[in-house]
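Worksheet for the structure shown next.
Source: prediction; values computed, not measured. Within every chain, numbering begins at 1; the chains are lettered A, B, ... in the order of the sequence lines, protein sequences first and strands thereafter.
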Amino acid sequence: MELSTDKKLMRMVEIEDVVIESPTVKTFVFKDILGSESKPGQFLMVWIPRKEELPLSVMISDKKNHAAITIRKKGYGSTSLFNKGKGEKIGIRGPYGNSFSFDTSHKNIIFLGGGTGLVPLVRLLYSIKRHQCNFTFIIGAKTRSELFFTQIISEWAEGGKIDLFITTEDGSLGTKGYPTDILRDFLSIHNDTDIIYTCGPEMMMKKAYDLAKTNGVHIEASIERYMKCGIGICSSCCINDKLVCVDGTVFNETKIQKLTEFGISYRNKSGITTQF
Amino acid sequence: MELSTDKKLMRMVEIEDVVIESPTVKTFVFKDILGSESKPGQFLMVWIPRKEELPLSVMISDKKNHAAITIRKKGYGSTSLFNKGKGEKIGIRGPYGNSFSFDTSHKNIIFLGGGTGLVPLVRLLYSIKRHQCNFTFIIGAKTRSELFFTQIISEWAEGGKIDLFITTEDGSLGTKGYPTDILRDFLSIHNDTDIIYTCGPEMMMKKAYDLAKTNGVHIEASIERYMKCGIGICSSCCINDKLVCVDGTVFNETKIQKLTEFGISYRNKSGITTQF
Amino acid sequence: MDYDIPINIAGLNLRNPVIVASGILGLSQSIFNRLYKIGAGAIVSKSISLLPREGYRNPTIVNVGTMSYINAVGLANPGAESFSKEISKNSGPLLVSLVGSDKDEFSDIVRKFSNLKILGFELNLSCPHVEKMGMEIGDDLNLVYDIIKLIKKDTGKPLFVKVGLGKSDIIEVAKVAESAGADGITAINTLRAMKIDIETRCPVLENKIGGLSGSAIMPLGVRCVYELSKSLRIPIIGCGGIMRHSDIVEYMMAGASAVQIGSLIGLKGIYSIGRILRDLRAHLEVSSISDIKEIIGIVHR
Amino acid sequence: MDYDIPINIAGLNLRNPVIVASGILGLSQSIFNRLYKIGAGAIVSKSISLLPREGYRNPTIVNVGTMSYINAVGLANPGAESFSKEISKNSGPLLVSLVGSDKDEFSDIVRKFSNLKILGFELNLSCPHVEKMGMEIGDDLNLVYDIIKLIKKDTGKPLFVKVGLGKSDIIEVAKVAESAGADGITAINTLRAMKIDIETRCPVLENKIGGLSGSAIMPLGVRCVYELSKSLRIPIIGCGGIMRHSDIVEYMMAGASAVQIGSLIGLKGIYSIGRILRDLRAHLEVSSISDIKEIIGIVHR
Ligand SMILES: Cc1cc2nc3c(=O)[nH]c(=O)nc-3n(C[C@H](O)[C@H](O)[C@H](O)COP(=O)(O)OP(=O)(O)OC[C@H]3O[C@@H](n4cnc5c(N)ncnc54)[C@H](O)[C@@H]3O)c2cc1C
Ligand SMILES: Cc1cc2nc3c(=O)[nH]c(=O)nc-3n(C[C@H](O)[C@H](O)[C@H](O)COP(=O)(O)OP(=O)(O)OC[C@H]3O[C@@H](n4cnc5c(N)ncnc54)[C@H](O)[C@@H]3O)c2cc1C
Ligand SMILES: Cc1cc2nc3c(=O)[nH]c(=O)nc-3n(C[C@H](O)[C@H](O)[C@H](O)COP(=O)(O)O)c2cc1C
Ligand SMILES: Cc1cc2nc3c(=O)[nH]c(=O)nc-3n(C[C@H](O)[C@H](O)[C@H](O)COP(=O)(O)O)c2cc1C
Ligand code: FES
Ligand code: FES
């Protein structure tokens, strides 16, 4: 079977590896050239046959020509995927969307993420870690058992150096509280921070954006919206006049400034504007 | 406007030059890269808008990236085309079909043609005239005024040498009689003839085939049949189990031997087998 | 950029004949404004029902290659109440697409938009993949007649009726629409179609059956417009498979007074609207067509 | 070469499920023999009318890109008398396609073939571009019923009825055919379509309107087979847009017991029949499908 090289068409892939990241999070590895070449921040539309199709960020895989996705078990779709095993098939299309940018003049870089929002951040770190930068990675979670990717992140320090901060809401690991608390404190000390990359709950990203603005630091946030088509045709993912699936998912401070709905409202499955 | 490079799709071309070859024959020149690269013996499906579509052999043009067609005014379709002028548009698709072959070990080569059957022969001669061969070109016509291409053929003698024989049925020019009379006499004298290329009325080609067989000479004949699709789907052009539009139009002696319908019968527009 | 290829259709003056089809980026006022800025001559909203609809579960759209899609969104929409708020400040050339499962719903929907600044309405009679909506209604000629009469009683604004290739004769449906007072016909909607994944042995779309759009349906749409324009006096909006400016010209020569584009935006992005308009203008110029009206239905002459 | 993927349909044992569609190389016994040698599981002749037909003037076929054609050959054929002579020595798996403009013609046609060694007949109810033939007849359900009854009275051989997406509901037509005694349904024929040349401002085909075939109609054909196989007990031959072995599998999973190919031969040549069969066999092997019957209608389960 030849591998499809048309990102618009759905391609069936076989799950080759399943990594259990936490009791509720798994990473699935499969062979896919297009996926393996994704830029950090891009996502795939992942079809779980007979069940659902979900937008999922592309995770890294250390196998050549392979890509991966990391899923947190939540509702119907994610649970269907979570229950898949090695050898089973899923459909993917994409990668879609834009990606995080990297300015080589930046030296002090913060990653701020929570939950599966870590996926694109990990892919980004992976792609820029060879640069001589100070990387600060702040991870937030509700509780200790929900943490994952901490190992992989702390292992990577090639060109630069990586500081890892962990917060849990119940204090079961790392600092008790929210990752944005750490960010606030960090920014107040390190006024040489160049940029914050963030992905996770929108209220967290909104706080990070406000902090970035106050501190005059660049920020790029990967925004999530309900997606049906993933290709800019249905507008279910819109935020103001932008389509998250094609104009995003990554927006920088200049763009976010115009997104009056950011951190305020989203559209539900019917397209009705709903407050966070 | 870009030029189409898909031979399957109809492309509209503008007639740039019209050459009057005889009172009833004209050559139309137009820009078309695919047509200009046709192999000798190939044909185009030519659409005369609102009128007809006809298979026509590709004629040469001395303009770069240009092709030409030569039409004899006859019935509805050919007359519609004949009446077209410079600047008017026609649609073409193709080139289709196989082509004459050329074996560089061949030194003594005969062309035998009549009417617009000369078109593919002229294209063939043009493409092989640089070789050091003895070319003998035998042209047949009803009468003097129906002759054309004699000038162009006799002018060409680059690598080899070209002998031109002309026959007319009424003797108004050249030898009185049929071109196959010349062929017979020629073959009886020149027993070193390698191959005969022929295109024209099927009874003429049939005679030529019989002569070639008797004299142990190779022959390649371009056969005409009624064509609707030109792409091997409708079978209107069939001769025995071959489709002239894709398996032909050129058949050599080995193939002709199996074509029991050659010189005997053809199919009319309804597909009914009809005797010549 | 200058998107001027002015046309008049059913009394509406549009700056150009390229309209964004229903269901394509059709839910958000901010997006409508952007589409207008990008060049759209007009925009048709997503088909709006009386009550909100969540639509089908994903996958709701699948690319079947050769520039075509099958979709079964299931008419997800915020409902008339919510959508009328969405567009309450609209001033752009917007047509609201209407869909209902019952005759009486339509009046209720139309009234929600009665005080808004919109161009008019498009009645979706032809959604091929939602039962008791669209196609099912479009197949009942009496119902079609009644619904159009009702809507026209409730609004003085132009009403376009969107027809498709379903179980009943498209020409008959359109004629009934005309006789009931429709101001124009939009043709065509998507056609019922299916894509099966042979590895997992199941249809890809959650709804199994969806509607085929894109290149595949272009020769069908052109034929419908050609035939409709022979039988109707009201203007026609051509829709289905438009990918290049030449496709627009083809539709208009077949008899369309304007066109709608859909799948193109999924395939080539939102800015393809501006590009196709630029190409169309260039074509008209080199072809010395000073008023695009000249070519409408020209193949009939 | 070994083309063995045996199937049984309507009592016929075919060595494989790939049938050459009507109108495709369908006029010559020598070509039928060649098609069989090349691998075809069976061959349907060009649709044969009582009297010879010259068909339309050229152009009769136009490639509209994306692996699709529009054709309006106009049912050119030698007529029943002449064609029965053509195939008088046939011994291959041939189905004769029948077309008529009048109920009574069919008996006359069928009788011409009564003593010949053919597999059976296919009734063309769905040629979309010849008036008073095919589609027009297919839209009159009573006439469909009567014609099939008549034919079945005249022959004991299997009769397949070929339906298309016309003005009437394909499922209803097929149900009527079944109730009248048809042994199988072929779905689908081409769809009415049109291609306009914008430079010369006229339709390309001499008949203006023709039938769309090829890739464009594949998702429509699959949908029809899927829906038909829900409503019928007689077997279905899937047709429309098959370009690859996976398309065959898709049709069969949707419910087809065999398939027909047409446009593929124009696009990829006569030997594409052998290639698609080779690919199909390979696919069945790697998918561990020992009998292709296993997959027929599997998406319904
Ligand atoms: C660009 C992008 C990247 C994402 N990356 C990841 C990832 O790497 N890992 C991961 O676990 N999750 C990721 N998600 C979230 C994921 O798409 C699902 O939303 C989540 O898995 C819950 O799905 P569910 O069907 O189980 O939830 P349900 O219980 O069905 O719904 C719960 C909520 O999930 C969200 N959701 C459901 N379907 C969609 C959809 N089609 N598009 C967007 N949101 C939806 C909605 O907010 C919904 O209210 C990403 C989302 C987006 C938009
Ligand atoms: C491969 C091929 C190459 C040809 N090359 C030339 C050429 O270079 N110059 C030239 O003048 N003519 C050529 N012809 C013949 C040409 O296609 C027409 O047949 C001829 O021009 C008469 O067309 P008409 O419409 O005027 O004739 P009509 O009066 O309509 O018909 C007269 C006869 O023309 C033949 N004819 C008509 N239409 C076709 C058709 N679609 N296919 C085949 N034969 C047809 C039939 O034998 C018919 O009985 C070629 C034919 C073929 C098959
Ligand atoms: C994702 C999607 C959603 C659609 N939703 C609607 C709709 O709500 N109402 C409607 O009338 N047509 C709808 N359509 C049909 C389009 O308006 C249009 O008629 C069809 O797509 C053909 O045009 P195209 O080939 O340019 O896409 C939808 C089409 C697509 C692709
Ligand atoms: C040139 C041409 C001629 C055809 N002639 C007939 C015909 O005579 N009778 C018929 O039932 N179908 C005819 N068809 C339709 C085909 O049999 C088939 O149903 C259709 O082409 C769809 O299959 P495809 O997409 O594989 O081509 C014709 C199709 C083509 C392209
Ligand atoms: S998901 Fe459809 S437009 Fe973004
Ligand atoms: S012209 Fe149709 S098969 Fe040759």
Chain A contact residues among residues 15-26 of chain C, heavy-atom distance under 4.5 Å
C:Gly23, C:Ile24, C:Leu25, C:Gly26
Verify the neighbour count for atom NZ of A:Lys39: are there more than 12 heavy atoms of other residues, nucleotides or ligands below 6.0 Å?
no
Enter the distance from A:Cys234:SG to C:Ile265:CD1 here, rounded to the nearest 0.5 Å.
12.0 Å
If I take atom CD1 from residue C:Ile31 and atom OG from residue A:Ser235, how far apart are they, to the nearest 0.5 angstrom?
6.0 Å
Contact summary for A:Glu52 and C:Pro59, nearest pair of heavy atoms:
C-CD, 4.1 Å
Tell me, out of C:Asn77, C:Leu205, C:Thr60, who's got the most heavy-atom pairs with chain A below 4.5 Å.
C:Asn77
Considering only heavy atoms from C-beta outward, does the side chain of A:Met10 approach that of C:Asn63 to under 4.5 Å?
no
Using heavy-atom distances under 4.5 Å, tell me whether C:Asp197 contacts chain A through its side chain, its backbone, both, or neither.
side chain
Determine the option with the most heavy-atom pairs under 4.5 angstrom with chain A, choosing from C:Glu206, C:Lys208, C:Glu86.
C:Glu86
Look only at the side chain of A:Asp6 and the backbone of C:Gly65, and say whether a donor-acceptor pair between them is shorter than 3.5 Å.
no
Can you tell which part of A:Leu243 gets under 4.5 Å to a heavy atom of chain C, answering side chain, backbone, both or neither?
both
Check whether C:Ser82 gets within reach of chain A through its side chain, its backbone, both or neither, counting any heavy atom under 4.5 Å.
side chain
Region of A:Met45 that comes under 4.5 Å of a non-hydrogen atom in chain C
side chain
To the nearest 0.5 angstrom, please state how far the CD1 atom of C:Ile61 sits from the CD1 atom of A:Ile231.
4.5 Å
Sort by residue number and list every member of residues 254-276 of chain A having a non-hydrogen atom under 4.5 Å from chain C.
A:Arg267, A:Lys269, A:Ser270, A:Gly271, A:Ile272, A:Thr273
Using non-hydrogen atoms and a 4.5 Å limit, figure out which bit of C:Arg53 sits close to chain A: side chain, backbone, both or neither.
backbone
Measure the spacing between CE of A:Met12 and OG1 of C:Thr200 and express it to the nearest 0.5 Å.
4.0 Å
Under 4.5 Å from a heavy atom of chain A, the part of C:Leu35 involved
neither
Report yes if some heavy atom in the side chain of C:Val62 is under 4.5 Å from a heavy atom in the side chain of A:Trp47; otherwise report no.
no
Look up atom CG in C:Leu267 and atom NZ in A:Lys8, then write down how far apart they are to the nearest 0.5 Å.
5.0 Å
Is A:Lys51 in contact with chain C via its backbone, its side chain, both, or neither, using a 4.5 Å heavy-atom distance?
backbone
Keeping A:Asp241 on the side-chain end and C:Ser30 on the backbone end, is there a donor-acceptor pair under 3.5 Å?
no
Are more than 12 heavy atoms from other residues, nucleotides or ligands located less than 6.0 Å from atom CG of C:Asn115?
no
Within 6.0 angstrom of A:His66 NE2, more than 12 heavy atoms from elsewhere:
yes
Let me confirm one number: the CD1-CG distance from A:Ile48 to C:Asn58, rounded to the nearest 0.5 Å.
9.5 Å
Need one label for C:Phe32: side chain, backbone, both or neither, based on atoms under 4.5 Å from any heavy atom in chain A.
neither
